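This is a predicted model, so every value here is computed, not measured. Order of listing sets the numbers, starting from 1, for every ligand and every atom in it.
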Amino acid sequence: MAQDTIFGKIASGEIPVEILAETDRVIAFPDIAPQAAMHILVIPKTAEYENVAELAAGDPELLAEMITVAKRLADERSNGEFRIIFNNGASAGQTVFHVHAHVLAGDLGEGSLVGA
Ligand code: AMP
């Protein structure tokens, strides 16, 4: 169970961010250190899942909702095409243990990889 992470505080409204998209169960906001022309984080409001593997096993519909929000953001802010990255585990580059999708679009740069 992910608890007391910075994204949990963002999801609960304790830490304010610019909300770029929101559904009943998902919010999206800009990454503080963007690695592409468009770099948005999509997270579930629940802090129940630390990483995407846990989420896929526990609530695949919520994972699908995150992808749908990513597509909507890419449609609204770019050409509808996007790269999505989930770092799953510390050795894979995950630093915040509240599952989040990095959604990148626009100018990705040469070999842009979050956490690489
Ligand atoms: P990861 O390394 O996959 O866990 O990604 C964590 C991401 O969160 C990084 O890309 C950070 O730049 C981003 N980040 C950390 N704190 C904030 C914050 N307060 N608001 C927005 N993005 C953040």
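Checked by distance only, ligand 1 and Gly93 come closer than 3.5 Å through their nitrogen or oxygen atoms.
At a 4.0 Å cut-off, at least one heavy atom of Pro30 sits close enough to ligand 1 to count as contact. Using a 4.0 angstrom heavy-atom cutoff, Phe97 does not count as in contact with ligand 1.
Every salt bridge (charged side-chain N to carboxylate O under 4.0 Å, His left out) that Glu22 has, sequence neighbours left out, goes to Lys45.
Side-chain contact check for His102 versus Asn87: some heavy-atom pair is nearer than 4.5 Å. With contacts defined as side-chain heavy-atom distances shorter than 4.5 Å, the pair His98/Pro44 qualifies.
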Run the side-chain contact (heavy atoms from CB on, under 4.5 Å) test on Ile84 and Val42 for me, step by step, so that the C-alpha distance in whole Å, both residues' side-chain angles and the decisive distance to 0.1 Å come before the verdict. CA-CA 10 Å; Ile84 195 157; Val42 179; over 6 Å; no

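Among Ile15, Ile32, Asn87, Ile10, the residue whose heavy atom sits closest to atom 14 (N) of ligand 1 is Ile32. When Ile6, Asn51, Thr5 are ranked by how near their heavy atoms come to atom 19 (N) of ligand 1, first place goes to Ile6. The residue from Asp31, Val96, Ile43 that puts a heavy atom closest to atom 11 (C) of ligand 1 is Asp31.
Side-chain atoms of Glu54 never come within 3.5 Å of backbone atoms of Val99 as a donor-acceptor pair (strictly under, hydrogens ignored). Using a distance-only test at 3.5 Å, with no hydrogens or angles considered, no donor-acceptor pair links the side chain of Asp31 to the main chain of His39.
Residue Phe86 does not touch ligand 1, judged by heavy-atom distances below 4.0 Å. Of all the heavy atoms of Leu41, the ones lying under 4.0 Å from any atom of ligand 1 belong exclusively to the side chain. Contact annotation for His100 and ligand 1: only side-chain heavy atoms (C-beta onward) come within less than 4.0 Å of the ligand.
Remark: ligand 1 atoms within the under-4.0 Å shell around heavy atoms of His102 are 1 (P), 3 (O), 5 (O), 7 (C), 10 (O). Atoms of ligand 1 found under 4.0 Å from any heavy atom of Ala33 (numbered from 1 in listed order, with element): 12 (O).
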Counting only pairs under 3.5 Å, give me each side-chain donor-acceptor contact of residues 55-70, with atom names and distances, residues two or more places apart or in other chains.
unit_1	atom_1	unit_2	atom_2	d
Asp59	OD1	Leu62	N	3.1
Asp59	OD2	Arg25	NH1	2.9
Glu65	OE2	Thr23	OG1	2.5
Thr68	OG1	Ala64	O	3.1

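Note: Phe7 and His100 have perpendicular aromatic rings, judged against thresholds of 30 and 60 degrees for the angle between ring planes.
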